[in-house]
**Student:** 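Mind looking over this structure? Questions follow.
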Amino acid sequence: MSVRRGMRCRKCGAPAVINMPQHKLALCEEHYLEWVPARVGQTIKRFRMFRPEDKVLVAVSGGKDSLALWDILHRLGYAVEGLYIDLGIGGGYSAQSKEKVQAFAETRGGLPFRVVDVRETYGCSIPELAQRSRRGAKTCSLCGLVKRHIMNRIAYEGGFAAIATGHNLDDEAAVLMQNTLHWQAGYLGRQAPVLPSTHPHLARKVKPLCLMYEREMAAYSLVRGINYIYDECPYSVGAKTIFYKELLNQLEGRSPGAKLHFYLSFLKAKEEGTIRFMEEEEVQMQNCRRCGQPTTAGDLCAFCRLWERPEMAVCGPAEEFEA
Ligand code: Q46
Ligand code: ZN
Ligand code: ZN
């Protein structure tokens, strides 16, 4: 957060707590705390993410973005519930992040949230799963598969209209840069603030913070007194997106607003049809016989197939499937 001596709030003239050259705007604490939810609220409406009467599930990790998103949606009056997935990651990461989520909910008058503990539910934590996997599956790809399955399941069972995640502009711009540099047409075609539901068991996914700079979210969390986990998941070390974020920060330093412009121009070009990506072929989907989520290969989805492997026999029996 850049606070310069003498910098004044554009709205009231009080000392500013943040200067945002990307918006040519400096604001005091009070007006910054008004500005952030208003901007997020506009983003929700602009991309038609969900309606005021919808039930929304927020995926919370204990980090600043997801906790701030939960806080903002609650302040905006949405019927929002948190979902924390305990991945069982060691080095204190999962334990601490869960504590942050619990403490956040308590200090805000007991905000509703659910916890799904991967080890308790399925018999193995994410690192144990990766260790057992004989096919050398990467921890993060297994983790992604398990998290997607759980989020879709909880959203379906709980009747949620959408799952909101805390991806901010820096995340989105970094992924966009990575996909553009590799001309990943399929990924570029799918990258959007809203992923509609294509099946009753697949939840709509929305990113209400997609136009918020990471720095803006850090400032919001600080000013709102949100106590979040500073450490990143140990498995995220070396992720390529970190490098792209650094590059984009250099660009932003030279040309304030560059990140926002890069992302918004991409969305506009897609919307107007200036750039087009191949339509995805209609693939035949069927319902997984175990969990009901859609699958394109066989009668079991990738998640359910995971537990069928002989090396996973010690995990489970999965509580989810017992009913
Ligand atoms: S939580 Fe899971 Fe991430 Fe950790 S193990 Fe990888 S995917 S880095 S968002
Ligand atoms: Zn002010
Ligand atoms: Zn399944």
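Counting starts at 1 for both ligands and their atoms, following the listed order.
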**Student:** Do Glu34 and Lys11 meet the salt-bridge criterion of a basic N to acidic O distance under 4.0 Å?
**Tutor:**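 Salt bridge: no.
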**Student:** Which atoms of ligand 1 sit under 4.0 Å from any heavy atom of Leu87?
**Tutor:**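 Matching atoms, with element in brackets: 1 (S).
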**Student:** Run the numbers for me: atoms of ligand 1, each under 4.0 Å from some heavy atom of Ser236, listed by number.
**Tutor:** 8 (S)
**Student:** For His199 and His201, take the angle between the two ring planes, folded into 0 to 90°, and tell me which bin it lands in: parallel under 30, tilted 30 to 60, perpendicular over 60.
**Tutor:** tilted
**Student:** Can you tell me if CZ on Arg51 sees more than 12 non-hydrogen neighbours from other groups inside 6.0 Å?
**Tutor:**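 It does not: Arg51 CZ has 12 such atoms or fewer within range.
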**Student:** Do the non-hydrogen side-chain atoms of Lys259 and Asn249 ever get within less than 4.5 Å of each other?
**Tutor:**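 With C-beta onward as the side chain, the pair touches.
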**Student:** With ring pair (Phe, Tyr, Trp, His ring centres under 6.0 Å) as the test, would you mind laying out the steps for Phe50 and Tyr78 before giving the verdict?
**Tutor:** CA-CA 10 Å; Phe50 42 81; Tyr78 287 105; 4.9 Å; yes
**Student:** Provide, to 0.1 Å, the distance between atom 6 (Fe) of ligand 1 and the closest protein heavy atom, together with that atom's residue and name.
**Tutor:**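 Protein heavy atom with the smallest distance to atom 6 (Fe) of ligand 1: Cys140 SG, 2.2 Å.
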**Student:** Considering non-hydrogen atoms of the protein only, which is the closest contact for atom 4 (Fe) of ligand 1, and what is the distance?
**Tutor:** Cys233 SG, 2.2 Å
**Student:** Can you tell me if Cys143 has an N, O or S atom under 2.8 Å away from atom 4 (Fe) of ligand 1?
**Tutor:** no
**Student:** Contact between ligand 1 and Lys147 is defined here as a heavy atom of the residue under 4.0 Å from a ligand atom; is it met?
**Tutor:** yes
